[in-house]
Each structure stands twice: as structure tokens, then as C-alpha cells.
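Every chain is numbered from 1 and lettered A, B, ... according to where its sequence line falls, protein lines coming before strand lines. Computed over heavy atoms, backbone and side chain alike; hydrogens, waters and symmetry mates excluded.
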Protein chains: 2
Amino acid sequence: MTRDRRIILHVLGEASIPLTAEDILERVNASQPGMALSTVYRTLDELISRSSVQRTLLSNDGHAFFELMGSVHRHYMVCLGCHRMFPFSSCPVGDFADSAAEELNFEVTDHSLVLYGYCRHCRLGRQSQGSE
Amino acid sequence: MTRDRRIILHVLGEASIPLTAEDILERVNASQPGMALSTVYRTLDELISRSSVQRTLLSNDGHAFFELMGSVHRHYMVCLGCHRMFPFSSCPVGDFADSAAEELNFEVTDHSLVLYGYCRHCRLGRQSQGSE
DNA sequence: GTAGATGCAAAGTCTTTGCATGTGT
DNA sequence: ACACATGCAAAGACTTTGCATCTAC
């Protein structure tokens, strides 16, 4: 409905990986300077409540990440060197979750899976230098 | 080495699930009143750097959870109703991670898996009341 | 006596909220 | 005009840091 909501959805649509609120603000301001960070958060809340956007759980470092509510089920590998995120769509959790949950009489509605490690580029750096 | 470090390790050892810093302080003060929250955080940092303790990634609600560095590989189901955590030790990620990572030339060193849903008790509440 | 540990309070970071101003119908 | 959206600044929640005191060797 509103202009800002449209802009933020567009930014999230362009991104292939989850963004932080600051990331979003930065990209919005690149084309439409002037938006406040609080507007980003408020709009994200709105979009989350409409199930257009979801927060994703990617690190414990205090940042929240946001992405369009997935048409496709995806997970990410997060590089501990450069902190880039690499999406992948295969997922071993589905059936497993159901059977693991059954033992506890638990009803699983969702899950989060993140692989941590080093991307191709950062592996090279680590091999040749021994440290970052 | 220090008394507080020993106490905190003991508290974490008694707990079967990850605790927040506040949880830890509460339990410490039950037997040894007077510890400050900053001491809990400082001691946890110390223990983490020694790989005795790890932060675990369980929710995006601002709290960090801490647990003893696992001798056993474990994951958790987190109840969205009562927020209790239920550990389970089976894991479908190991081999999967390696093959998924290979495509991207990524080196996986760790992973996080959390199942969200409703525990046995909260399922009953939801069925009979329609809401919590 | 020196190095490290601790309590308290202040500072930091990310996020949320209050309030007055703006915008669109 | 009225409802809703927005910028700015202040408030909040969790965590970290500074500093003076205290402990232990």
C-alpha cells in the first residue's frame, strides 16, 4: 500500500540473501535518500505480520536478518571469514524432524538450519597465511 | 582456577539445557549470593575462549544461551508456547553438510539446527482453547 | 606487592516507542 | 479533516567496558 513498504519489498526482492535492517536502509537510501531506520523496522514488522517477510536466525552477534517469506525452502552456509551467506535449497530436515519429534510428542512447525565454515575464497587465505 | 569460574561451570553442568546469563546468575545466587551479572558475562567469555562453553543459537529474541561445550552432539526442539527446550541427539546434518558444501567448495566446520513447534503440553492447550 | 578477579555503574549496540509533523484521500 | 505513515530522539533490553576495590599468591 505505502510507498516505503513497496520500496523495502523491492530491496528484499533484489537481494539474494537475508539483509539486516541497516543493509536495507543503505540500499533504500541509495535510490530514495531520507528514510529513517525506525521506518525500516516499523515497515518490517508490518510485513512480517502479513507473512510477506521473515526474520531469519543466522548468528548470535546481535543482528537480525530479514528476507522475503520464502516461496522456496532454503538454508544458508555462513562463512566465518567474510561473513557472506550462501543459500542452498536441499534440506535433510523434513522427514527427520517428524520422526524425531514423534518420540517427544512434539509438533514441529518450522526449523532452522545453518552451516558454518569457510567459503572457497577464505579457505585459500587460511591455507596460505595460517591466519586472517 | 577461580571460584566463580568453578561455580558457573557447575551450574552449567547441572542444567540439561542451555541457559541465559540471567538464568545462570539466578542459580549462582541461590547458593552464593552476591555475584554480579557482569561477572557472569566475563566468566562466560573466558570459558568460551577456552572452549569449555559455547553460545548456542536458539532464538532471535535478543537472549544468548550458553551450555557446556558438548561432549555429545545435540540439538534442540524449542516450544513456541512455553519456550522450553527439549534436547535430542540424533542429527541428519553430518553427511548432508559435507555433500552440500562440496558443490560450493565450502568447508563446513559446524552447524546449527533447531526445530520449532509445540510441546506435548502446549499442543493440548492449543487444541482445546484455539489460542494460548 | 602484583596480577588477576569482581561489583557497580556507565557506555554500547540493536531495536522499539512516543510525539509531533507530513501525506494522501 | 482524518487516518495513517514518518523522522527524530528518547527509551529499552541485553551485553560490554571502565574503574576502583579486593583476593590470592
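Out of D:dG7, C:dT16, C:dT6, the shortest distance to the side chain of A:Asp45 is found at C:dT16. For B:Thr39, counting side-chain heavy atoms from C-beta on, the closest listed nucleotide (C:dG18, C:dT6, C:dA5) is C:dT6.
Taking atom CZ of A:Arg6 as the reference point, atom C1' of D:dC4 lies 15 Å away to the nearest angstrom. Separating the CD atom of B:Gln32 from the P atom of C:dA5 is a distance of 18 Å, rounded to the nearest angstrom. With rounding to whole Å, B:Met35 atom CE is found 15 Å from D:dC22 atom C1'. Regarding A:Asp4, its CG atom lies at a distance of 17 Å from the P atom of D:dC4, rounded to whole Å. In this structure, the CG atom of A:Leu44 is 14 Å from the P atom of D:dA5, given to the nearest Å. At whole-Å resolution of the value, CG in B:Leu37 and C1' in C:dT6 are 13 Å apart. Atom pair A:His63:NE2 and C:dG12:P shows a separation of 17 Å (rounding to whole Å applied). D:dC14 atom P lies 11 Å from atom CG of B:Asp23, rounded to whole Å.
For A:Arg42 and C:dG18, a side-chain-to-base donor-acceptor distance below 3.5 Å is present, hydrogens and geometry of angles not being considered. For a distance-only test at 3.5 Å, the side chain of B:Thr20 fails to qualify as a donor-acceptor partner of the base of D:dC14.
Using cut-offs of 30° and 60° on the angle between ring planes, the pair A:His111 and A:His75 is tilted.
When all heavy atoms of B:Phe66 and B:Thr20 are compared, the closest pair comes out as CD1-C, 4.4 Å.
Just one residue in the list A:Ile8, A:Asp45, A:Leu44, A:Thr43 forms a side-chain contact (heavy atoms from CB on, under 4.5 Å) with A:Val53, and that residue is A:Leu44.
Phosphate contact (OP1/OP2 of D:dA5, side-chain N/O of A:Arg3, threshold under 4.0 Å): absent.
Salt bridge annotation for B:Glu46-B:Arg50: present, with a cationic side-chain nitrogen under 4.0 angstrom from a carboxylate oxygen.
Map B:Asp61 and B:Ser38 each onto its nearest nucleotide of DNA chain D; the residue landing nearer the 5' end is B:Asp61.
Residue B:Val28 is grouped with residue B:Leu68 when hydrophobic side chains (ILVMFWY) are merged at heavy-atom distances under 4.5 angstrom, including chains of intermediate members.
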